[in-house]
Amino acid sequence: MGLKLTSSLRDIKKMREMKDKIRKDNKIELDLPKNSDESYDKSIYGEENSDENNNAEFQNYKYIRVNTLQIAPEELKKRLENKKVVLEDTFLDYAFKVVSSPFSVGATPEYLYGYYFMQSISSMVPVIALNPQKNERILDMCAAPGGKTTHIAQLLENEGVIFAVEVNKNRIRSLTSNVNRMGIKDVVTINTDSVNLKSEELGLFDKILLDAPCTGNAYKDSSRIKNRSDILFCSNRQKELIHTAINLLKSGGELVYSTCSPEIEEDEEVISHIVNLRNDVELIKLDKNDYKGLNIQDALIKGTLKILPPNEPFYIAKLKKL
Ligand SMILES: C[S@@+](CC[C@H](N)C(=O)[O-])C[C@H]1O[C@@H](n2cnc3c(N)ncnc32)[C@H](O)[C@@H]1O
């Protein structure tokens with residue numbers, strides 16, 4: 001099955017307009033390719049229907065993140081290997097790629113015991129970039145089903161506080177169920193719209209993760225149809241959310257912004273918007289070399305990262321409140 005990653009947005013004219021718009025903002029450095037816009041486009045998204053991409057869906061989701069609150073990675077590895085699951089190491093000592101398995105890895109007793117979470121390796125990067133530390137107050141603004149909330153919790157070793165906010169009532173159930181399954185004790189779940197969160201009610205945070213609602217990607221949803229109005233709707237919502245996020249950060253506090261959409265309007269443009277509009281934020285540069293084994297590169301804004309096929313597409317940026 002070929003995966004279509006091209007779209008009208010990737011028209012060269014459109015790319016030029018977007019770059020010009022971002023280029024006008026002199027606060028952030030752009031990492032533009034030396035060659036043409038078209039080759040940048042290809043280098044980001046790959047060729048449409050290329051053979052390389054055909055196996056991508058398998059590669060994306062067959063990763064497990066070991067819940068180190070419950071079991072040591074080597075112990076879980078041994079248990080799964082005894083059941084003929086073939087695992088491969090990743091750049092994280094607590095995450096493995098599932099090369100093959102005689103059964104669904106979501107249907108094992110170990111999964112039910114909360115020993116691991118299944119997610120793409122790309123979706124672990126925002127939490128690594130956030131670098132949560134014990135005893136910090138952390139806000140996860142768009143939390144369900146909890147892949148990143150539970151990842152933050154294991155790094156805090158149940159010593160900290162995580163406020164996990166989710167607007168969708170049904171999805172908050174899956175968040176709560178994952179938090180409980182994984183034996184996490186320091187998460188407060190809140191069912192509300194994060195745009196309306198106020199520091200007067202919640203206090204200020206050391207770190208915030210804004211894993212924003214987005215139009216997604218063709219790897220996650222091969223039938224994904226994105227149109228211009230969906231992308232702009234998401235982009236506007238993302239800009240509102242990131243404003244709220246900055247308001248909720250302590251001075252010196254840090255925010256990681258991520259999406260699993262490759263669209264510039266939902267990625268670079270949101271960061272460009274906030275950095276240029278507000279005087280109380282600055283970009284913290286992320287280093288692609290910190291994520292060995294992933295197909296990752298600087299995005300149009302240098303120091304913000306784009307993860308590319310065959311990994312699940314993701315955009316990650318980090319900001320600091322001054
Ligand atoms: C990309 S998903 C988050 C995935 C999650 N961070 C994880 O790692 O499992 C975005 C989530 O944000 C929720 N959401 C959308 N708009 C929101 C808002 N205004 N406030 C809070 N949550 C929102 C969606 O319902 C969805 O569950």
Side-chain angles (χ1 to χ4, degrees), residues 60-61 63-65 67 92 95 106 111 114 116-130 132 138-156 162-182 184 187-198 201-202 205 207-221 224 226 230-248 255-263 266-267 270 307 311-318:
N60 280 328
Y61 297 105
Y63 287 85
I64 59 174
R65 171 175 50 81
N67 179 13
L92 285 171
Y111 178 78
Y116 58 91
F117 195 95
M118 292 184 300
Q119 60 187 126
S120 72
I121 189 82
S122 305
S123 73
M124 301 180 205
V125 171
V127 174
I128 304 302
L130 189 68
I138 299 188
L139 174 65
D140 184 351
M141 289 177 74
C142 299
K148 298 181 189 69
T149 305
T150 56
H151 190 177
I152 294 169
Q154 81 179 63
L155 297 182
L156 293 182
I162 307 165
F163 288 77
V165 184
E166 169 59 48
V167 74
N168 182 312
K169 244 189 203 138
N170 291 326
R171 285 175 67 85
I172 209 157
R173 280 194 208 111
S174 60
L175 168 67
T176 314
S177 133
N178 278 319
V179 165
N180 292 338
R181 180 177 66 84
M182 299 184 84
I184 288 158
V187 172
V188 179
T189 55
I190 304 173
N191 182 205
T192 192
D193 183 338
S194 282
V195 170
N196 302 324
L197 296 176
K198 298 208 167 27
E201 288 159 9
L202 279 186
F205 292 88
K207 295 206 173 127
I208 297 180
L209 176 66
L210 174 51
D211 185 37
C214 66
T215 59
N217 59 66
Y219 278 66
K220 191 172 257 179
D221 175 9
R224 169 187 188 241
K226 49 177 186 165
D230 293 338
I231 292 166
L232 292 181
F233 175 83
C234 280
S235 180
N236 288 334
R237 179 39 61 107
Q238 289 152 352
K239 287 173 188 166
E240 287 176 331
L241 284 164
I242 204 167
H243 267 293
T244 303
I246 302 296
N247 291 340
L248 291 165
L255 165 79
V256 167
Y257 174 81
S258 58
T259 78
C260 64
S261 161
E263 311 300 343
E266 300 180 61
D267 297 345
V270 175
I307 304 178
N311 300 115
E312 183 190 8
F314 246 83
Y315 176 74
I316 305 115
K318 189 167 183 175

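In what follows, residues are counted from 1 in the order of the sequence shown. First listed ligand is number 1; within each ligand, the first listed atom is number 1. Basis for what follows: all heavy atoms, side chains included, without hydrogens, waters or symmetry-related copies.
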- Task: Take H151 and I128, measure what side-chain contact (heavy atoms from CB on, under 4.5 Å) needs, and give me the verdict at the end.
- Result: CA-CA 9 Å; H151 190 177; I128 304 302; 3.9 Å; yes
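In terms of N/O distances under 3.5 Å, ligand 1 is not approached by D140. At least one N or O atom of G146 sits closer than 3.5 Å to an N or O atom of ligand 1. Among the atoms of N168, none of the N or O lies under 3.5 angstrom from an N or O of ligand 1. For ligand 1, the polar-atom distance check finds an N/O of V167 within less than 3.5 Å of one of the ligand's N/O atoms.
Heavy-atom separations between L175 and ligand 1 are all 4.0 Å or longer. Using 4.0 Å as the threshold, Q119 has no heavy atom nearer than that to any atom of ligand 1. Residue M141 places a heavy atom less than 4.0 Å from ligand 1.
With contacts defined as side-chain heavy-atom distances shorter than 4.5 Å, the pair Y63/M124 qualifies.
For the atom pair CG (L248) and CG (L202), the distance works out to 6.5 Å, reported to the nearest 0.5 Å.
Annotation: atom 11 (C) of ligand 1 to nearest protein heavy atom, E166 OE1, 3.6 Å. In this structure, atom 6 (N) of ligand 1 lies nearest to the protein heavy atom D211 OD2, 2.7 Å. Among all protein heavy atoms, the one lying closest to atom 12 (O) of ligand 1 is C142 CB, 3.2 Å.
Aromatic ring centroids of F163 and F205 lie under 6.0 Å apart.
A donor atom on one side chain and an acceptor atom on the other are not found under 3.5 Å apart for T215 and D230.
Across the listed options G147, A144, C234, S123, A144 owns the non-hydrogen atom lying nearest to atom 5 (C) of ligand 1.
Every side-chain contact (heavy atoms from CB on, under 4.5 Å) that D193 has, sequence neighbours left out, goes to V167, V195, N196, R237.
For ligand 1 and P213, the ligand atoms under 4.0 Å from any heavy atom of the residue are 15 (C), 16 (N).
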